[in-house]
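Report on the following structure.
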Amino acid sequence: MANSPRTTNHPLLAFLQKHFSRGCYPIQKFFAAAEYWLLDCWWALRGHRKPSPEEVALVAGKVTFMFKSFERQKQAIALVKSIRRFFPGTRIVIADDSKEPLQIDGDDVTIIHMPFNSGLSKGLNLALAEIKTPFLFRMDDDELLTRRTNLAKELQFFELHPEVDLVGIPCIDACKPSSVKKNLKVYSRFPMRDAPLPLKIAHGAWIDSFHVVFGKVPNIFIAKTESVRQVGWDDNIRMIDHHDFFYRAAGVIVSVISRRSVVFHNHNYFSKVYNSYRSDWKGDAIYLRQFRYKR
């Protein structure tokens, strides 16, 4: 059975979310911004530079950023700013089904306005239809690029390893100290042995010293556009898109996780409105039991 969206099992966080959401969010926002700034400074001191003009041109010519946005306008705007900071001129496609339509100016941005609460999968499919570059970078609206989002190097990896279709990018969660290595261990649990087709390359196989094959990788990824089109997203699924995508992708495309690239996950734990819709996944679970995971 597919995994449900992550919900907190920490009793203190659950208590704060229930009773003190409005007061806690400014505190979380402050610490998340400070953490992001400190990480940027730390990586700069360790020699991680921003992309060179040549790397920016390479990414702008081959990659389109795409993400689905819902009721997180400020975070979506912050993501676009971070894309423009690191890869100016690169095209961005956003599918938005917020009650208050997302507004972002600029020739580099295309916003697809959808009916309220249309669902994640429908938005991703609509965004995918707008991609004209050979690669796409799929993100969520509460993430930020970093000095270690090495997209130019990942494009070079694709050239050297044409057998790979998709590279998952791990994240550092704001206000939840944890190493990238520890976060990646989660994905060792998904060899996709119950998928309709066996993986093309064995789960856990190393492609090079930075990339390892996993049946399921983070839903932040750079991938060949046509390979993603072979899989797509199921419009009947509003929320639980992640596991289902890689379940159907098994045996169709090859996915790996990169150990040299990182994004920053700036999730708002204290938005009651957003979290109420995010937790509304039971219909998806019933659909998946009936039509997908019968074995």
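The first residue in the sequence is number 1, and the count goes up from there. The analysis underlying the following values was restricted to heavy atoms, covering all of them including side chains, and did not include hydrogens, waters or symmetry mates.
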query: Pairs in or reaching into residues 76-86: which pass side chain to side chain donor-acceptor pair (under 3.5 Å), with residues at least two apart or in two chains?
result: Asp40-Arg85, Arg84-Asp108
message: Using the side-chain hydrogen bond (donor to acceptor under 3.5 Å, both in side chains) criterion, which residues pair with Glu54? Sequence neighbours excluded.
response: Ser52
field: For Glu100, all residues meeting salt bridge (charged side-chain N to carboxylate O under 4.0 Å, His left out), sequence neighbours excluded
entry: none
message: Per the ring pair (Phe, Tyr, Trp, His ring centres under 6.0 Å) rule, what does the pair list look like for residues 75-113, sequence neighbours excluded?
response: none
Listed once per pair and sorted, the ring pair (Phe, Tyr, Trp, His ring centres under 6.0 Å) pairs that draw on residues 121-147, sequence neighbours left out: Phe65-Phe137, Phe135-Phe158
task: Determine which pairs satisfy salt bridge (charged side-chain N to carboxylate O under 4.0 Å, His left out) with at least one residue from residues 246-257, sequence neighbours left out, and list them in order.
output: Asp244-Arg248
message: Does anything in residues 217-228 form a side chain to side chain donor-acceptor pair (under 3.5 Å)? List the pairs, not counting sequence neighbours.
response: Asp165-Ser227, Glu226-Arg229
- prompt: Are Phe190 and His203 near enough that their ring centres are under 6.0 Å apart?
  reply: no
message: List the residues meeting side-chain hydrogen bond (donor to acceptor under 3.5 Å, both in side chains) with Asn236, not counting sequence neighbours, and say none if there are none.
response: Asp234, Tyr287
task: Apply ring pair (Phe, Tyr, Trp, His ring centres under 6.0 Å) to Tyr187 and list each qualifying residue two or more places apart in sequence or on a separate chain.
output: none
- prompt: With clusters built from Ile, Leu, Val, Met, Phe, Trp and Tyr whose side-chain heavy atoms come within less than 4.5 Å, directly or transitively, what are the remaining members of the cluster of Leu38, listed by chain and number?
  reply: Trp37
- prompt: How would you list, by chain and number, every residue that makes a ring pair (Phe, Tyr, Trp, His ring centres under 6.0 Å) with Phe157, sequence neighbours excluded?
  reply: His161, His211
query: What residues form a side-chain hydrogen bond (donor to acceptor under 3.5 Å, both in side chains) with Arg259, not counting sequence neighbours?
result: none
